[in-house]
*Asks:* 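Supplied in structure tokens, the structure appears directly below.
A note on names: the letters A, B, ... follow the listed sequences, proteins ahead of strands, and every chain is numbered from 1.
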Amino acid sequence: MHLYETMDLPLLPVLARMEDAGVKIDLPKLRDLGDRLGSEARAKAADIHEKCGEIFNINSPKQLGKVLFERLNLPRPVKYGKGKVISTAVDVLEELAESHEAPKLVLEYRQLTKLKSTYVDALPMLVDSAGRLHTTFNPTGAVTGRLSSTNPNLQNIPIRTELGREIRAAFIPKEGCVLLAADYSQIELRLLAHFSEDLLLVEAFNRGDDIHSLTASQVFGVPPMMLDAEHRRRAKAVNFGIVYGLSAFGLSQQLGIEQREAKKFIEAYFERYEGVRRFIDRVIEETRREQKVRTLFGRIRPIPDINSKNANMRGFAERTAVNTPLQGTAADLIKLAMINLDEEMRTRSLQSKMLLQVHDELLFEVPLAELETMRDLVRDKMQNVHKLRVPLEVEIGVGPNWRDVE
DNA sequence: CTCCTCACG
DNA sequence: ACGTACGTGAGGAGA
């Protein structure tokens, strides 16, 4: 039996049904939001032009760079951006905000125009006559085995800012239904525990401990009772870094700390989580021999650059080799769960519809009469999709729109 | 078309 | 000494 037969092929009709179902959109809400974003963006632009003493196209990184670095003479970022254009990306503008009012305004302007152009203006044009929006899922969209979503991409609907969440609130269920969102909690770290068999990590997940607090306690040498929010925030970044194949530089950028300090955190981490260190070493070594990595279910990703003479390319390849089994196995697991769930829903003639998959989350439209049935079914099929050395936890939220699911 | 930027997990 | 966190898709600028 190959992956293709057990997983990728059976997933196709499931994806087709999801695409066909589509998700209902609150068009008046989007229109109101568009008006708000539009007028706020115009006001913001006028403010920027006044503070800079010049009218220019703020959307043009080239023109913006000229104004900031030549006209206003703001300090150039350390990393010049090897090209001709000096970077005006978020982290650069955040730093410049300390020297002048304009960069902060530009960031606010960018948020408004991003939300308007990419979502509020673009999505309504794709809504069908029934008020529903249909994406296309690409089953092989990502090299790791993840899906991707296009035309429109419904896997990057805003959630991180209050204003962005207004867009999410425009995703609604049809009459008589609610939306049910189910997401795997820390699935990649659980898979790291599974693969590495690291004692601390496995036992922590089996006890149901807060994993970021544990890492904070281990890395910073602070007793659990004495941890504050900042400890936990930094530990969370360390855990993310481990999954991505971290470097001291990357962690220091992420946390805004010295590279020396980041290096100490990383060393402390591997001293405590020896199983994780061995796992990373083993994956890199195996990848060097085979020039490829595999997920738990045998999905293969070639990593030819793992033996490159170019240290930079080799570094990329090594981080990729570490990350792929984690990201890729998570993708395999949710694909399997989707197949099993779809099968069960059809067998039981349920009217609920699976609508979207966002990498570690599934979204359903559920008639009120099926709510408790679906809660139990979704949790069961997702959590028990495959037996691992640690439990898989699924958080389920229900609500009148995609923002207010809890 | 490529580059930059930024939305998500 | 070098450049650096993994994986995507989309819109606007500019050539």
Side-chain angles (χ1 to χ4, degrees), chain A residues 56-65 78-93 106-107 109-123 126 135-138 140-161 163-165 167-168 183-189 192 237-255 259 262-263 266 293 301 303 309-328 330-331 334 356-362 402:
Chain A
F56 64 101
N57 186 347
I58 307 165
N59 296 323
S60 163
K62 192 176 168 189
Q63 294 183 36
L64 177 63
V78 212
K79 49 163 190 174
Y80 242 63
K82 49 200 169 181
K84 317 143 209 197
V85 192
I86 302 175
S87 171
T88 63
V90 179
D91 50 331
V92 174
L93 294 191
V106 170
L107 287 173
Y109 170 83
R110 280 205 182 137
Q111 194 204 1
L112 297 168
T113 54
K114 173 78 175 181
L115 295 178
K116 188 167 190 297
S117 65
T118 306
Y119 304 100
V120 176
D121 291 345
L123 295 183
L126 298 166
T135 186
T136 301
F137 287 109
N138 312 104
T140 59
V143 283
T144 51
R146 276 188 175 184
L147 303 180
S148 71
S149 159
T150 57
N151 189 29
N153 181 357
L154 294 186
Q155 292 183 319
N156 71 345
I157 300 304
I159 193 172
R160 292 174 188 171
T161 67
L163 201 50
R165 281 194 288 275
I167 292 164
R168 204 163 263 243
D183 62 281
Y184 281 113
S185 163
Q186 293 156 342
I187 189 166
E188 291 182 5
L189 283 174
L192 176 65
V238 171
N239 279 331
F240 266 102
I242 296 293
V243 169
Y244 292 154
L246 84 183
S247 66
F249 177 86
L251 185 62
S252 70
Q253 289 290 302
Q254 187 63 38
L255 290 178
Q259 220 177 123
K263 187 154 176 262
I266 294 169
V293 280
R301 177 174 182 184
I303 315 272
K309 290 192 174 24
N310 180 325
N312 209 1
M313 291 175 72
R314 205 169 56 241
F316 268 113
E318 288 175 357
R319 293 194 292 274
T320 301
V322 172
N323 175 263
T324 296
L326 303 173
Q327 190 181 123
I334 195 168
L356 298 177
Q357 187 252 47
V358 191
H359 311 307
D360 64 356
E361 171 186 9
L362 295 176
W402 198 9

*Asks:* What about Q155(A), does its side chain sit under 3.5 Å from the base of dC8(B) through a donor-acceptor pair?
*Replies:*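 In this structure, the two groups form no donor-acceptor pair.
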*Asks:* Between Q155(A) and Q357(A), do the side chains contain an N or O donor and an N or O acceptor separated by less than 3.5 Å?
*Replies:*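 On atom types as modelled, these side chains qualify, holding a pair under 3.5 Å.
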*Asks:* Which residue pairs satisfy the salt bridge (charged side-chain N to carboxylate O under 4.0 Å, His left out) criterion with at least one member in residues 144-153 of chain A, sequence neighbours excluded?
*Replies:*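 Non-adjacent pairs meeting salt bridge (charged side-chain N to carboxylate O under 4.0 Å, His left out): R146(A)-E188(A).
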*Asks:* Kindly point out which of dA15(C), dT8(C), dG9(C) is positioned nearest to the side chain of A142(A)?
*Replies:*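 Among the listed nucleotides, the one closest to the side chain of A142(A) is dT8(C).
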*Asks:* Find the distance Q254(A):CD to dA5(C):C1' and express it as a whole number of Å.
*Replies:*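 So the CD-C1' distance, Q254(A) to dA5(C), works out to 8 Å.
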*Asks:* Atom OH of Y244(A) and atom P of dT4(C): how far apart are they, to the nearest Å?
*Replies:*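 After rounding, the reported distance stands at 18 Å.
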*Asks:* In whole Å, I'd like the distance from the CD atom of Q186(A) to the P atom of dC6(C).
*Replies:*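 Distance, rounded to whole Å: 21 Å.
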*Asks:* Please compare S247(A) and T324(A) by the position of their nearest nucleotide in DNA chain C and report the one closer to 5'.
*Replies:*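 Between the two, 5'-proximity favours S247(A).
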*Asks:* When rounded to the nearest Å, what value does the distance between P atoms of dT4(C) and dC3(B) take?
*Replies:*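 Looking at atom P only, dT4(C) and dC3(B) are 15 Å apart.
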*Asks:* For dC2(C) and dT5(B), measure between their C1' atoms and round to the nearest Å.
*Replies:*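 So the two C1' atoms sit 25 Å from each other.
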*Asks:* Between residues 111-120 of chain A and DNA chain C, which residues have a heavy-atom gap below 4.0 Å?
*Replies:*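 Under 4.0 Å from DNA chain C: K114(A), S117(A), T118(A).
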*Asks:* With C1' as the reference atom in both, quote the distance from dA7(B) to dG3(C) in angstrom, rounded to an integer.
*Replies:*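 It works out to 26 Å between them.
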*Asks:* For S149(A), report the nucleic acid contact type (base, sugar-phosphate, nothing); a contact means any heavy atom under 4.0 Å.
*Replies:*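 Touches sugar-phosphate only.
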*Asks:* Whole angstroms only, please: what is the CG-C1' distance between D183(A) and dC8(B)?
*Replies:*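 The distance from CG of D183(A) to C1' of dC8(B) comes to 13 Å, rounded to the nearest Å.
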*Asks:* More than 12 non-hydrogen atoms from neighbouring residues, nucleotides or ligands closer than 6.0 Å to CZ on F240(A), yes or no?
*Replies:*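 Counting other residues, nucleotides and ligands, CZ of F240(A) stays at 12 neighbours or fewer.
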*Asks:* What contact category does G315(A) fall into here, base, sugar-phosphate, or nothing, at under 4.0 angstrom with non-hydrogen atoms?
*Replies:*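 Since no nucleic acid heavy atom lies under 4.0 Å of G315(A), the category is nothing.
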*Asks:* Fill in the dot-bracket string of DNA chain C, one character per base: . for unpaired, | for a pair to another strand, ( ) or [ ] for pairs within the strand, taking Watson-Crick or G-U pairs under 3.5 Å.
*Replies:* .....|||||||||.
*Asks:* For V243(A), which contact category applies under a 4.0 Å heavy-atom criterion: base, sugar-phosphate, or nothing?
*Replies:*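 Nothing: the residue V243(A), judged by heavy atoms under 4.0 Å, touches no strand.
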*Asks:* Ignoring hydrogens and angles, are the base of dG7(C) and the side chain of R319(A) linked by a donor-acceptor pair under 3.5 Å?
*Replies:*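 Absent.
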*Asks:* Treating T324(A) as the side-chain partner and A321(A) as the backbone partner, does any N or O pair qualify as donor plus acceptor under 3.5 Å?
*Replies:*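 The answer is no, because no donor-acceptor pair under 3.5 Å joins these two groups.
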